[in-house]
Amino acid sequence: MNIVLLGAPGAGKGTQAARLVSEEGLCHISTGDILRAAVKNETELGKKAKEYMDAGELVPDELIIDLMRERIQQPDTEKGVILDGFPRTTTQAVALDGMLNELGRPLDVAILIDVDPEVIVKRLSSRRMCRACGAIGTEADGASCKACGGEMYQRDDDNEKTVRNRLEVYEKSTSPLIDYYRGCELLVSIDGDRDPDEVYADVKAAL
Ligand code: AP5
């Protein structure tokens with residue numbers, strides 16, 4: 001099963017992907033996580049991506065497509081993938097179709113997690129992530145990760161100004177993918193402004 005998780009920043013893509021990984025054993029590929037690791041490790045990709053990420057802009061298509069072409073061919077993707085944060089432009093979506101067709105593993109579903117932008121601004125200002133294991137939580141969870149005890153931190157791009165720019169970028173560059181996947185008859189839209197368990201029940205039903 002190959003799944004694209006679509007949705008604005010903070011819609012809950014990473015939260016739902018983590019559940020699918022633990023219950024369905026699918027391979028989770030988050031371009032945001034890959035890029036943040038590249039920035040942390042100061043790789044060539046990280047040096048090129050950092051400025052865009054800090055500003056809430058998209059990293060150029062060619063960098064992302066090269067990165068994904070390599071990642072999607074790794075053996076751990078054979079049983080299926082959850083793509084979180086990719087594709088984000090029509091160019092990336094067309095490239096993804098090409099990659100999956102070459103592998104003989106077409107996309108099964110594109111799940112849109114739909115949340116109002118003002119809800120998102122509030123969510124992201126209180127999001128915290130674990131430096132050690134990447135678990136996603138909120139400010140209310142405290143300073144230590146519930147899963148591994150690691151340090152919880154706030155992402156550099158989770159300040160209100162950058163979040164609002166990320167939302168504008170989403171509207172302009174990524175929301176056209178909703179029509180793209182609707183046209184391919186692959187789109188399932190889910191109300192993401194509910195308890196995460198209720199959202200997850202609909203995600204499971206969409207598979
Ligand atoms: P990326 O890391 O992909 O960020 P994003 O898409 O902005 O998404 P987020 O990770 O912020 O949110 P999410 O939907 O996963 O929400 P989460 O589950 O954490 O990308 C970062 C940057 O990298 C981009 O800006 C860009 O520069 C670059 N980039 C990445 N991919 C790229 C690409 N393909 N092309 C070009 N550039 C790219 O949840 C958020 C919060 O809400 C958490 O605190 C969570 O606990 C809470 N929450 C989740 N669900 C619920 C719920 N149902 N109710 C209440 N709270 C909830």
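Numbering of ligands and ligand atoms starts at 1, following listing order.
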Enquirer: Is a salt bridge present between Glu160 and Arg164, judged by a nitrogen-to-oxygen distance below 4.0 Å?
Expert: yes
Enquirer: Assess whether atom CD of Glu185 is packed by more than 12 heavy atoms of other residues, nucleotides or ligands within 6.0 Å.
Expert: no
Enquirer: What atoms in ligand 1 come closer than 4.0 Å to a heavy atom of Thr138?
Expert: 44 (O), 46 (O)
Enquirer: I want to check something: taking the side chain as every heavy atom from C-beta on, are Leu35 and Ile64 in contact at a cut-off of under 4.5 Å?
Expert: yes
Enquirer: Say whether Phe86, considering both its backbone and side-chain N or O atoms, lies within less than 3.5 Å of an N or O atom on ligand 1.
Expert: no
Enquirer: Within the 4.0 Å heavy-atom shell around Gly85, which atoms of ligand 1 are there?
Expert: 31 (N), 32 (C), 33 (C), 34 (N)
Enquirer: Looking at ligand 1, does any of its N/O atoms fall within less than 3.5 Å of an N/O of Gly10?
Expert: yes
Enquirer: Indicate yes or no: does an N/O atom of Lys13 lie under 3.5 Å from an N/O atom of ligand 1?
Expert: yes
Enquirer: Quick one: are Val59 and Thr31 in side-chain contact, heavy atoms under 4.5 Å?
Expert: no
Enquirer: Looking only at distances, can you tell me whether any N or O atom of Gly14, backbone or side chain, sits closer than 3.5 Å to an N or O atom of ligand 1?
Expert: yes
Enquirer: I need the nearest protein heavy-atom contact for atom 16 (O) of ligand 1: residue, atom name and distance, please.
Expert: Gly12 N, 3.2 Å
Enquirer: For atom 7 (O) of ligand 1, what's the nearest protein heavy-atom neighbour? Residue, atom name and distance, please.
Expert: Arg166 NH2, 2.7 Å
Enquirer: Do Leu112 and Tyr181 have side chains that approach each other closer than 4.5 Å (heavy atoms only, starting at C-beta)?
Expert: no
Enquirer: For atom 18 (O) of ligand 1, which protein heavy atom lies nearest, and how many Å away is it?
Expert: Thr15 OG1, 2.6 Å
Enquirer: Measure the distance from atom 5 (P) of ligand 1 to every protein heavy atom, then report the residue, atom name and distance (to 0.1 Å) of the closest one.
Expert: Arg88 NH2, 3.2 Å
Enquirer: Under 4.0 Å, heavy atoms only, figure out whether ligand 1 is touched by the backbone of Val59, its side chain, both or neither.
Expert: both
Enquirer: Could you tell me if the side chain of Ile111 sits less than 4.5 Å from the side chain of Asp202, heavy atoms only?
Expert: no
Enquirer: Looking at ligand 1, would Met129 count as a contact under a 4.0 Å heavy-atom criterion?
Expert: no
Enquirer: Please say whether more than 12 non-hydrogen atoms of neighbouring residues, nucleotides or ligands are located less than 6.0 Å from OH in Tyr200.
Expert: yes
Enquirer: Among all protein heavy atoms in this structure, tell me which lies nearest to atom 29 (N) of ligand 1, with the distance rounded to 0.1 Å.
Expert: Leu35 CD1, 3.5 Å
Enquirer: Under 3.5 Å, is there a donor-acceptor pair between the side chain of Asp141 and the main chain of Thr138?
Expert: yes
Enquirer: Same cluster or not: are Leu177 and Ile3 linked, directly or through other Ile, Leu, Val, Met, Phe, Trp or Tyr residues, by side-chain heavy atoms under 4.5 angstrom apart?
Expert: no
Enquirer: Can you tell me which residue and heavy atom of the protein come closest to atom 22 (C) of ligand 1, and the distance to 0.1 Å?
Expert: Met53 CE, 4.0 Å
Enquirer: Any idea which protein heavy atom is nearest atom 4 (O) of ligand 1, and the distance to it?
Expert: Arg155 NH2, 3.3 Å
Enquirer: Side-chain contact test, heavy atoms from C-beta onward, threshold under 4.5 Å: evaluate it for Asp54 versus Thr162 and give yes or no.
Expert: no
Enquirer: May I ask you to test the Glu23-Lys204 pair for a side-chain heavy-atom distance under 4.5 Å?
Expert: yes
Enquirer: Any N/O of Asp84 closer than 3.5 Å to an N/O of ligand 1?
Expert: no
Enquirer: Which atoms of ligand 1 have any heavy atom of Glu57 under 4.0 Å away?
Expert: 26 (C), 27 (O)
Enquirer: Under a 4.0 angstrom heavy-atom cut-off, which atoms of ligand 1 come close to Gly192?
Expert: 53 (N)
Enquirer: Can you sort out which atoms of ligand 1 are near Gln92, meaning under 4.0 Å from one of its heavy atoms?
Expert: 33 (C), 34 (N), 35 (N), 36 (C)
Enquirer: To check your reading of the model: name the closest protein heavy atom to atom 53 (N) of ligand 1, its residue, and the distance in Å.
Expert: Arg194 O, 2.8 Å
Enquirer: Would you mind reporting whether His28 and Asp84 have side-chain heavy atoms less than 4.5 Å apart?
Expert: yes
Enquirer: Val199 to ligand 1: N or O pair under 3.5 Å?
Expert: no
Enquirer: Nearest heavy atom to atom 43 (C) of ligand 1: which of Ile113, Ile136, Thr89, Asn165 does it belong to?
Expert: Ile136
Enquirer: Is the closest basic N to carboxylate O distance between Asp197 and Arg19 below 4.0 Å?
Expert: yes
Enquirer: Do the charged groups of Asp158 and Arg166 touch, with an N to O distance under 4.0 Å?
Expert: yes
Enquirer: Would you please test Arg123 and Val115 for side-chain contact (heavy atoms from CB on, under 4.5 Å) and show each step?
Expert: CA-CA 11 Å; Arg123 273 190 194 178; Val115 179; 4.1 Å; yes
Enquirer: Should Arg36 be counted as touching ligand 1, given the test is an N or O pair under 3.5 Å?
Expert: yes
Enquirer: Which of the numbered atoms in ligand 1 are under 4.0 angstrom from any heavy atom belonging to Thr31?
Expert: 30 (C), 31 (N), 32 (C), 34 (N)
Enquirer: Of all the atoms in ligand 1, which lie at a distance below 4.0 Å from a heavy atom belonging to Gly137?
Expert: 43 (C), 44 (O), 46 (O)
Enquirer: So between Arg123, Met68, Arg127, whose heavy atom ends up nearest atom 9 (P) of ligand 1?
Expert: Arg127
